[in-house]
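Let me begin by presenting the structure, written as structure tokens, before commenting on it.
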Amino acid sequence: QRELQGYMDEGLVKFKSDNDKFSFRVGGRVAIDGAHYIDDYTDRGSGAKFSAARIRIISKIGSKVDMKLDVDFASKNWLKDAYLRWHTNKNGFLRVGNFAEPFSAENIQSTMDYPFINKSATVAALGTGRAIGVSYRYYHKYFWAEGGVFSQNSQTRQKLSKAVIWAMHCQPACSDA
């Protein structure tokens with residue numbers, strides 16, 4: 001039996017083995033939405049609610065495999081991410097489990113990285129969510145592409161979708177001059 005070394009990195013508590021083959025970190029976040037109305041001109045009541053109360057575990061298992069488990073106690077669909085990811089080479093990985101479908105770059109962006117308060121209305125209305133599936137992502141310095149097969153909805157329906165979803169994001173090449 002071996003012990004893991006605990007250390008702080010960029011404000012996160014992390015643990016790793018002596019040979020760096022195994023590591024994990026535990027994280028979480030809480031988001032609260034609230035309003036207090038001072039005047040009597042509205043029929044809305046003051047209040048607050050938890051919009052997110054998440055705990056996540058991210059772990060590296062060997063040199064090519066990692067996993068993520070992310071649960072949200074403030075949502076009725078409490079399972080957000082639960083997947084294994086196999087890094088096939090330095091520019092790609094195969095992912096299996098429940099995770100955000102790669103329909104748009106905004107859809108796979110973490111809520112911690114939103115440029116605005118929430119997703120845009122078009123992504124919220126027309127975008128996909130999280131589902132059980134398999135995907136492969138290839139990434140490069142200037143673009144990434146990802147394709148996969150997903151169930152229709154892991155929380156409500158069990159029927160496998162016949163569609164293959166492809167997403168590609170390109171960033172223009174920049175010169176260093």
Between side-chain atoms of residues 58-66 and protein atoms elsewhere (two or more places apart, or another chain), which donor-acceptor pairs fall under 3.5 Å?
| from | atom 1 | to | atom 2 | distance (Å) |
| --- | --- | --- | --- | --- |
| Ser59 | OG | Ser23 | O | 3.0 |
| Lys60 | NZ | Asp20 | O | 2.8 |
| Asp66 | OD1 | Arg85 | NE | 3.0 |
| Asp66 | OD2 | Arg85 | NE | 3.4 |
| Asp66 | OD2 | Arg85 | NH2 | 3.1 |
| Asp66 | OD2 | His87 | NE2 | 2.9 |

Is there a continuous path of hydrophobic side-chain contacts, each under 4.5 Å between heavy atoms, that joins Val13 to Val30? no

Are Leu84 and Tyr136 co-members of a hydrophobic cluster defined by side-chain heavy atoms under 4.5 Å apart? yes

Could you list the residues that satisfy salt bridge (charged side-chain N to carboxylate O under 4.0 Å, His left out) with Asp81, not counting sequence neighbours? Lys68, Arg130

Working to the nearest 0.5 Å, report the span between CG of Leu94 and OG of Ser135. 7.0 Å

Does the structure place the NZ or CZ of Arg137 under 6.0 Å from the centre of the six-membered ring of Phe93, at an angle of no more than 45° from the ring's axis? no

Aromatic ring proximity, centroids under 6.0 angstrom, Phe150 and Phe99: yes

Shortest non-hydrogen pair, Ala131 vs Ser151, comes out as CB-O, 3.5 Å

Side-chain heavy atoms of Asn98 within contact of Leu79, under 4.5 Å: yes

May I ask you to decide if the ring planes of Phe143 and His140 are parallel, tilted or perpendicular, using 30° and 60° as cut-offs? parallel

Please report the C-alpha distance between Ile32 and Lys49 in whole Å, then the side-chain angles of each, then the deciding distance to 0.1 Å, and finally whether the side-chain contact (heavy atoms from CB on, under 4.5 Å) criterion is met. CA-CA 6 Å; Ile32 302 172; Lys49 75 170 194 163; over 6 Å; no

Donor-acceptor check, side chain of Asp72 to backbone of Ala53, threshold 3.5 angstrom: yes or no? yes

Does any part of the side chain of Lys80, heavy atoms only, come nearer than 4.5 Å to the side chain of Arg56, both counted from C-beta? no

With a 4.5 Å limit on heavy-atom distance, are the side chains of Leu4 and Phe22 in contact? yes

Listed partners of Phe24 passing ring-ring contact (aromatic ring centres under 6.0 Å, His included), at least two apart: Phe15

Under a 4.5 Å side-chain heavy-atom rule over Ile, Leu, Val, Met, Phe, Trp and Tyr, are Ile57 and Met8 clustered together? yes

Minimum side-chain heavy-atom gap Phe73-Ile55 below 4.5 Å: yes

Can you confirm whether Tyr139 is buried at OH, in the sense that more than 12 heavy atoms of other residues, nucleotides or ligands lie under 6.0 Å from that atom? yes

Determine whether the side chains of Asn77 and Ser75 contain a donor N or O and an acceptor N or O closer than 3.5 Å. no

Let me confirm one number: the CH2-CG distance from Trp78 to Asp70, rounded to the nearest 0.5 Å. 11.0 Å

